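So the structure is just underneath, and the comments pick up after that.
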2 protein chains.
Amino acid sequence: MAERKRRANGEESRRRILAAAVEVATERGYDGTSIAAVSQKSGLPASSIYWHFANKEALFEAVLEDRFEVWMRSVTAPEGSSEMQAAMMLASGTADAFHEAPEFLRLGFMLVLERRPTELSARKRFLDLRDIGRQRLADFAVQLAPAADPAAVDRLLSYAIAAADGMFLAKQMDPGLDLNELFDLHAQLMIDALMRLGEAR
Amino acid sequence: MAERKRRANGEESRRRILAAAVEVATERGYDGTSIAAVSQKSGLPASSIYWHFANKEALFEAVLEDRFEVWMRSVTAPEGSSEMQAAMMLASGTADAFHEAPEFLRLGFMLVLERRPTELSARKRFLDLRDIGRQRLADFAVQLAPAADPAAVDRLLSYAIAAADGMFLAKQMDPGLDLNELFDLHAQLMIDALMRLGEAR
DNA sequence: CTGTTCCTGTAGTGATCATTCCAGTAAGGT
DNA sequence: ACCTTACTGGAATGATCACTACAGGAACAG
């Protein structure tokens with residue numbers, strides 16, 4: 001009763017719709033994504049899409065949520081023996097996620113750059129999800145330099161995230177770019193700066 | 001004969017169309033920008049838009065070109081007495097440009113994030129224009145650390161640009177963010193790293 | 001006055017848009 | 001056996017899409 005079985009293939013249909021929506025959306029953005037295109041790519045009629053999702057906006061919210069999960073699974077928690085190693089692993093894990101699960105950031109940034117008179121709910125959702133990710137990083141940063149000024153650490157974290165986001169963009173502008181090289185440099189610079197913050201007190 | 005006068009108000013109409021297009025495009029992206037909306041916002045009929053520009057794609061190319069000019073005027077060349085000061089001024093100049101002329105990056109990044117089967121010509125144009133900007137920075141970087149390994153300097157430049165791009169994104173995600181603070185940190189980190197590159201040889 | 005160039009205004013074109021209606025079907029519960 | 005729930009298929013709706021055809025006006029050249 002409470003735990004209901006799936007009668008038809010609704011569960012899989014939902015997945016197929018989401019997969020198709022991700023594909024189309026990352027190709028052409030929100031307005032460029034037509035329900036007809038999602039329908040065609042998923043093999044399901046528009047009415048099915050509207051049975052699973054209230055409207056286009058809700059579909060995008062679901063897509064973002066879905067891709068966030070994949071993103072978080074891809075960025076594995078670093079557990080190096082030293083702080084230095086842990087930071088390096090975090091950096092390379094993020095670099096991997098850029099390859100394996102780029103859709104979350106790609107879609108999210110598309111939405112973030114828009115300035116609609118009324119904000120898309122998917123945009124807001126993206127920002128909320130990202131805050132969750134940021135909190136994880138904040139915990140990690142405090143762990144690395146417990147003695148440092150919290151405000152300064154926070155500022156450095158903002159910078160570190162911005163740099164990573166920028167590297168994602170750079171990869172889109174130049175697919176041949178060696179991200180691992182840049183992420184190594186990133187990790188080194190951030191660790192250096194963080195250690196200096198710890199000593200300065 | 002060679003230098004023709006404007007019979008009607010074509011020159012100003014073109015500007016009005018571009019201004020309207022920038023506004024609509026930064027609100028909703030490429031597919032979300034309708035010629036009807038540009039027409040309404042500019043006060044000119046669609047036929048005028050199509051007289052000035054071959055099609056929607058060409059209009060976007062022109063918009064990007066126009067905003068690039070504004071962007072470059074806004075990022076004033078730094079001429080501090082020391083390298084440190086020059087770098088700081090470059091950083092704060094870029095931060096100013098983020099406020100005064102954000103449309104170039106906003107539109108460009110929107111286009112960059114898309115992955116259409118056939119690339120928009122405006123996207124390609126954006127990448128070309130950005131390369132011009134990058135070359136200016138490369139010249140500046142070499143000037144700062146002439147003794148350093150050129151490949152290492154180039155990598156650091158890629159990182160520096162990425163970080164700046166990421167800060168632009170961060171500003172869109174959190175309009176209350178203090179960019180100057182982040183840019184100061186950025187300039188310091190980059191100068192430190194560049195000096196270390198110079199000494200390492 | 002005549003012709004040319006530049007630009008605007010009106011009124012369309014067929015295609016595609018998001019969304020809805022609703023009848024139909026397959027499976028589960030009872 | 002029958003009712004309910006979960007979905008699908010197809011057709012339709014009115015709005016909006018990029019773009020065009022074309023006639024006409026304003027400014028200049030001769």
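This is a predicted model, so every value here is computed, not measured. Every chain is numbered from 1 and lettered A, B, ... according to where its sequence line falls, protein lines coming before strand lines.
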Taking A/Glu181 first and then B/Arg155, would you say they form a salt bridge - that is, a charged N and a carboxylate O separated by under 4.0 Å? yes

Electrostatic pair A/Glu114-A/Arg123, nearest N-O below 4.0 angstrom: no

Measure the distance from [atom1] on [X] to [atom2] on [N] and round it to the nearest whole Å.
X: A/Asp31; N: D/dA18; atom1: CG; atom2: C1'; value: 15 Å
X: B/Ile35; N: C/dA11; atom1: CD1; atom2: C1'; value: 17 Å
X: B/Arg28; N: C/dA18; atom1: CZ; atom2: P; value: 12 Å
X: A/Ile17; N: D/dT8; atom1: CD1; atom2: C1'; value: 11 Å
X: A/Asn9; N: D/dT5; atom1: CG; atom2: C1'; value: 15 Å

Among residues 38-62 of chain B, which contact DNA chain C at a heavy-atom distance under 4.0 Å? B/Leu44, B/Pro45, B/Ser47, B/Ser48, B/Trp51, B/His52

Would you say a side-chain N or O of A/Ser34 is under 4.0 Å from OP1 or OP2 of C/dC17? yes

For atom CD of A/Glu27, decide whether the heavy atoms of other residues, nucleotides or ligands shown that lie under 6.0 angstrom number more than 12. yes

State, yes or no, whether a side-chain contact exists between B/Glu69 and B/Leu129 at a heavy-atom distance under 4.5 Å. no

Within a strict 4.5 Å, meaning less than it, do heavy atoms of the A/Phe109 and A/Gln172 side chains meet? no

Among B/Thr26, B/Val112, B/Thr33, the one residue meeting side chain to side chain contact (heavy atoms under 4.5 Å, CB included) with B/Leu107: B/Thr26

